[in-house]
Structure formats: C-alpha cells, structure tokens
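Accompanying notes for the structure given below.
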Amino acid sequence: MNILVTGGAGYIGSHTVVALFEAGFNPVIVDDFSNSELRVLDGLEKILGFKPRYYAQNCNDPAVMRRIIRDESIGGAIHFAAFKAVGESMLEPLKYYQNNLGSLLVLVQTMLECGVTNLIFSSSATVYGQPDELPVTENALLPPSMSVYGNTKQIGEEILRDTSAAGKEIKAISLRYFNPIGAHPSAHIGELPTGIPNNLVPFITQTAAGVRPSLTVFGNDYNTPDGTCLRDYIHIMDLAEAHVESLKFLTENSSSSFYDVFNVGTGQGCSVLELIRTFEDVSGMPLNYRIGDRRPGDAAAVYADATKIYNQLGWRASRTMREGLADAWRWQQNMRIRDETPV
Ligand code: UD1
C-alpha cells in the first residue's frame, strides 16, 4: 500500500519512512523542506537502497494534494508536516494556526474526496500540560493549552474526532508523542535542528561535540526525586514503529469511520540529571553543564501510561533510553566527521 508521509523529510517523518518500508508499505514523501533538508533523502537512500519517492511541495494546496493522492494511488496518510517551535508559535500565532491546521484540513478534505480513509495524526504529550496524575492516561482532561503550538495539536485532534463522529468515511488515530530521542542506528538519518536546539538531547550532543560551550539544566528545585524535570524519552525508531502498528490497525479495521487517540511513550519518567549521567556513561565523556533557572512553561513531570496502545495495537517500546543516547551520539559524531554540524 502506498502511504503519503507529509513532513517525511523531518526528524520523526524520515525514521517512519524507514519503518514503513521495513513493514512492507511504500512511503511517498511530501515535504516543502522549510524545516528539513534534501540530504535527508540521501541518508534514506543509504538505508533503503533507493531514494524514496518525494514531492517538494507544501501540503496546504488542495490541488497539489489531490493530484499526488490520485497519481500515487495513496491508501493512507501520516501527517507530520507542521511547525513545532513552541516559543515562535507564541510570537507568530497565525503562521502556526494557518500552517498546522490549514494543512490538516486540506489533507482530510482531499482524502475524503479521493476515498482514502486511513490517517495517522502527529499529536503531542504537550496537550496534557502538567497532568494531575502520573503516569498520564489518554482519559486525562486536557487543560487549556500553554502554547499556540500545543493548541494546534489539541484542535487537530478535535477536527479528526468531530469528522469521524459526523460519520464521514475517515479512520483516524492521533498519536500523542512523548519525548523522541536518538537516531537510526546506521547514523544515516537523525535529528537536524536548525540553529540553537530547543530540545535537550540535541543540545547535549552538540555540547559534547564542542559546538555549544555548555548545557544549562533548566531548574533543580522541582518537586521530583533529584529536583530536575521528569520526561518520558522514547527512541525515535520505537516511535516510528508505533505509526506502522497504528496504520496496520486502521487498514485491518473494517468500520468506515473510526477515531481514537494513543499515548506513545515508554511509561518511565527520567530526570534531566539521570539522562545527562547516562549520556556521559555512553559517550565516555564528561558533559559541561551548569544548573540554571527554570524555563517558563516547563511542566515538572510528564510521563505516559502506555498500556492502551499495547492492549489495543500491540505496540510497546523495545529500546532503552541508553540506546537512544548512544544512537544520538553516533549520529552527532557522523555529522562532525562529515563537517555538517548545523550551527
Ligand atoms: C518540548 C515542547 C513540546 C514538544 C517537545 C518535542 C516546550 C515547553 N515543550 O517538550 O511542546 O512537543 O519539546 O520534543 O517547549 N532542558 C534543559 N536544558 C535544555 C533543554 C531542555 O534542562 O537546554 C530540560 C527541560 O527543562 C525539560 C527536558 O529537558 O525538563 C526536556 O526538554 P525538551 O527536550 O525541550 O522537551 P519538552 O520541554 O518536554
């Protein structure tokens, strides 16, 4: 089956392309390369043995999407394409609402027109804010979002829930990602942050590689075992495979209309200091870090109850945080060797 992968040159998208191919699906990438690079396709070629089919297009254009879906005989879609910088989303709300929700509306409408039913949507654990109970289940009430980015994920979920509830012929799953880390073990693809990374692991690997002078740990006075925040770090290949299992479930599901939401995490909360220590152990290098102030908007602790996705889709994380850090470090070193470290 041919699967449309919007944002397929991005971090999660590119790893999912590999997992799709390994499971016997044919991924077709649509990516406007606004926050990804063409060389990702070279990395994919090294892993897959061929360059995947791709369209350098923005998926906000219904005519473009209609043509690709028909020309490629698409049987399902995974929608990754979105802006994801939390801080920028607060400064440019219209840009985020237009791009993240406009592209979802166009995709759902063109899928309905073309009779394509299976859709996986990239949501985020950010919809939970600071959960009242941990580990957090999918039944937790969602608080008003702390960011425009987070709100686009909440509204995206609602668009799919309401479209399915109206009996439209769409079968959709929203996956609430916890914190993806790592890279493909081949080190041919990985995370390519533009500029200064916002996320913890690319900041750590760039610091260890000498691209950044030091890492600041954002606060050690939280009500957690060592005072630093707890997160659920999931290996990017585990996350990629969760998409494949979700897609298989939808394609085997005979109902004409379906919607559900699943957490995709390991179920383990890990502190920033614990992650740093594991990285030092894996890399054999001391990391230059200091404790700084809290980052506004950070929740003290967020980790998943991942039983629903295991019970219903049979997926669970099989790789460790240690493997994720080892793969992230190998990827960073590979970039260094080729002198391609993004600065
Ligand atoms: C962030 C986003 C979330 C997004 C996710 C994608 C915010 C508030 N949330 O989640 O919406 O879906 O990335 O992966 O931006 N940390 C440091 N020093 C650093 C960077 C991070 O101590 O230089 C700490 C943070 O305080 C946090 C942990 O590391 O406790 C993880 O941070 P990060 O990788 O940015 O992810 P989240 O904030 O969980």
Side-chain angles (χ1 to χ4, degrees), residues 7 10-13 15 35 80 82-91 96 100 121-131 134 136 142-143 145-154 156-157 174-183 190-193 195-208 211-236 239 263-266 268-279 287-304 321 324-325 328:
Y11 176 42
I12 309 175
H15 291 79
N35 193 26
F80 294 106
F83 293 145
K84 59 175 184 180
V86 176
E88 187 195 36
S89 78
M90 305 304 282
L91 301 172
Y96 273 68
N100 293 9
F121 173 63
S122 292
S123 188
S124 167
T126 196
V127 298
Y128 293 121
Q130 173 59 70
L134 288 167
V136 63
L142 305 187
S145 185
M146 299 267 295
S147 72
V148 171
Y149 162 75
N151 209 25
T152 67
K153 295 301 177 189
Q154 283 199 15
E157 289 191 6
S174 294
L175 295 179
R176 291 178 178 160
Y177 310 149
F178 283 70
N179 292 57
I181 61 165
E191 194 167 3
L192 277 173
I196 300 173
N198 290 313
N199 294 119
L200 179 60
V201 170
F203 207 107
I204 286 178
T205 59
Q206 289 193 10
T207 304
V211 180
R212 311 274 158 215
S214 80
L215 168 82
T216 303
V217 173
F218 296 142
N220 68 348
D221 57 352
Y222 286 95
N223 184 20
T224 59
D226 67 17
T228 65
C229 296
L230 300 180
R231 292 290 183 275
D232 186 333
Y233 296 97
I234 174 169
H235 195 292
I236 188 71
L239 177 55
N263 286 342
V264 194
T266 66
Q268 305 294 318
C270 168
S271 79
V272 177
L273 290 178
E274 205 180 330
L275 188 133
I276 290 172
R277 268 184 235 110
T278 310
F279 177 81
L287 189 76
N288 189 16
Y289 71 91
R290 63 171 196 93
I291 307 293
D293 292 340
R294 291 182 178 195
R295 180 171 65 179
D298 272 349
V302 191
Y303 51 94
M321 192 241 317
L325 293 174

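Side chains are part of it too, since the values below use all heavy atoms of this structure and drop only hydrogens, waters and symmetry mates. Atoms within each ligand, like the ligands themselves, are counted from 1 in listed order. This is a predicted model, so every value here is computed, not measured.
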Tell me whether ligand 1 is touched by Gly150 - counting only heavy atoms on the residue side and a distance under 4.0 Å.
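No; Gly150 lies far enough from ligand 1 that no heavy-atom distance drops under 4.0 Å.
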
Which of the ligand 1 atoms, numbered from 1, are nearer than 4.0 Å to a heavy atom of [X]:
X: Asn198; answer: 20 (C), 35 (O)
X: Tyr149; answer: 11 (O), 12 (O)
X: Cys229; answer: 30 (O)

Can you tell me which residue pairs pass the salt bridge (charged side-chain N to carboxylate O under 4.0 Å, His left out) test with a partner in residues 195-208, sequence neighbours excluded?
none

Classify the contact between [X] and ligand 1 as side chain, backbone, both or neither, using a heavy-atom distance cut-off of under 4.0 Å.
X: Val86; value: side chain
X: Thr228; value: neither
X: Asp298; value: side chain

Identify which of [options] has a heavy atom lying nearest to [atom].
atom: atom 28 (C) of ligand 1; options: Tyr222, Phe178, Tyr233; value: Tyr233
atom: atom 33 (P) of ligand 1; options: Thr126, Asn199, Ile12; value: Asn199
atom: atom 22 (O) of ligand 1; options: Phe203, Tyr177, Tyr11, Phe218; value: Phe218

Using a 3.5 Å distance criterion without hydrogens, assess whether the side chain of Asp232 forms a donor-acceptor pair with backbone atoms of Ala304.
yes

Give a yes-or-no answer on whether the side chains of Glu157 and Ser123 include a donor-acceptor pair shorter than 3.5 Å.
yes

Residue pair Tyr11 / Asn199, side-chain donor-acceptor N/O under 3.5 Å
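Absent: no donor and acceptor within the cut-off.
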
Of all heavy-atom pairs between Leu230 and Pro225, which one has the smallest distance, and what is that distance?
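Heavy-atom minimum between the residues: CD1-CD, 4.2 Å.
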
Would you please name every residue forming a side chain to side chain contact (heavy atoms under 4.5 Å, CB included) with Ser122, sequence neighbours left out?
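So Ser122 forms a side chain to side chain contact (heavy atoms under 4.5 Å, CB included) with Phe80, Lys153, Tyr177.
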
What residue among Val136, Asn263, Thr126 forms side-chain contact (heavy atoms from CB on, under 4.5 Å) with Arg176?
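The single option meeting the side-chain contact (heavy atoms from CB on, under 4.5 Å) with Arg176 is Asn263.
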
